[in-house]
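Keep in mind that what you see is a predicted model, and the values were worked out from it rather than measured. So that the names make sense, note that chain A is the first sequence line, chain B the second, and so on, each numbered from 1.
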Amino acid sequence: MNHWLFKSEPSSFSFQMLKAKGKPGQEWDGVRNYAARNNMRAMTVGDLCFFYHSQSGLDIVGIVRVIAPAHAERGSDDPRWECVDVRAETAMPQPVTLAAIKDNRKLAEMALVKNSRLSVQPVSHAEWVEVCRMGGLAPAPASKE
DNA sequence: GCCAACGTTGGC
DNA sequence: GCCAACGTTGGC
């Protein structure tokens with residue numbers, strides 16, 4: 001089980017919109033960055049990921065589950081770009097703000113802080129547990145190795 | 001709305 | 001294969 005973080009502007013695609021898609025979920029399409037794509041390639045079905053709202057919100061609002069491994073993006077004629085499918089798993093009882101993450105010394109190494117431009121990022125196990133705790137999810141869901 | 005950071009593109 | 005130009009992202 002690995003952990004990741006997806007970023008999205010809620011005005012174009014929010015956690016609520018993913019939630020509305022229900023069990024079939026949604027392709028995480030539109031990624032045009034190799035590092036982000038490579039992170040999606042490294043995902044396996046069942047991985048749990050944070051959903052972060054950029055631009056407005058600036059907080060981690062929920063958890064999503066990977067339900068299909070990376071595949072060519074439907075509707076793209078450029079074979080370089082791949083995406084996984086995800087569905088909403090659970091909302092954070094208490095959204096975890098970027099400000100709170102920056103204030104937490106345990107989270108100083110998070111890509112969200114260090115490389116804010118990366119739209120799909122890895123999250124370490126320790127970071128996962130800490131953010132879940134801050135968000136009112138304890139014990140962290142499926143944090144078993 | 002501004003601006004810094006950074007990734008991609010394309011000419012050489 | 002380098003690097004300047006350019007476009008995009010995202011926090012403030």
Could you state the atom-to-atom distance from CZ of A:Arg80 to P of B:dG7 in whole Å? 16 Å
Can you name the closest pair of heavy atoms from A:Ser54 and A:Pro10 and give their distance? O-CD, 3.1 Å
For A:Gln55 and for A:Trp81, find the nucleotide of DNA chain B with the closest heavy atom, then tell me which residue's nucleotide is more 5'. A:Gln55
Between the side chain of A:Ser12 and the main-chain N/O of A:Glu9, is any donor-acceptor distance below 3.5 Å? yes
Tell me, which of residues 27-36 of chain A have any heavy atom that sits under 4.0 Å from an atom in DNA chain C? none
Shared hydrophobic cluster for A:Ile63 and A:Ile67 (ILVMFWY, side-chain gaps under 4.5 Å): no
Would you jot down, in residue-number order, the residues of residues 107-118 of chain A having a non-hydrogen atom under 4.0 Å from DNA chain C? A:Ser116, A:Arg117
If you group Ile, Leu, Val, Met, Phe, Trp and Tyr by side-chain heavy-atom gaps below 4.5 Å, do A:Val113 and A:Val96 land in one group? yes
To the nearest angstrom, how far is A:Lys102 atom NZ from C:dG10 atom C1'? 10 Å
Measure from the side-chain N and O atoms of A:His3 to the backbone N and O of A:Leu48, and report whether any donor-acceptor pair falls under 3.5 Å. yes
From OH of A:Tyr52 over to P of C:dT9, roughly how many Å is that when rounded to an integer? 15 Å
Answer yes or no: is there an ion pair linking A:Arg37 with A:Glu82, defined by an N-O contact shorter than 4.0 Å? no
How bent is the helix from B:dG1-C:dC12 to B:dC12-C:dG1, comparing axes over its five end pairs at each side, to the nearest 10°? 10°
Can you pull out every ring pair (Phe, Tyr, Trp, His ring centres under 6.0 Å) where at least one residue sits in residues 69-111 of chain A? Sequence neighbours excluded, please. A:Tyr34-A:Trp81
Taking atom P of B:dC6 as reference, at what distance in whole Å does atom NZ of A:Lys7 sit? 12 Å
May I ask you to list the residues sharing a hydrophobic cluster with A:Phe13, side-chain cutoff 4.5 Å, ordered by chain and number? A:Trp4, A:Phe6, A:Phe15, A:Met17, A:Leu18, A:Trp28, A:Val31, A:Met40, A:Met43, A:Phe51, A:Val61, A:Val64, A:Val66, A:Val84, A:Val86, A:Val120
Show me the pairs that pass salt bridge (charged side-chain N to carboxylate O under 4.0 Å, His left out) and involve residues 23-34 of chain A, at least two apart or across chains. A:Glu27-A:Arg74, A:Arg32-A:Glu73
Heavy-atom donor-acceptor pair, A:Asn104 side chain to A:Ile101 backbone, under 3.5 Å: no
For the CG atom of A:Leu112 and the CG atom of A:Leu118, what is their distance to the nearest 0.5 Å? 10.0 Å
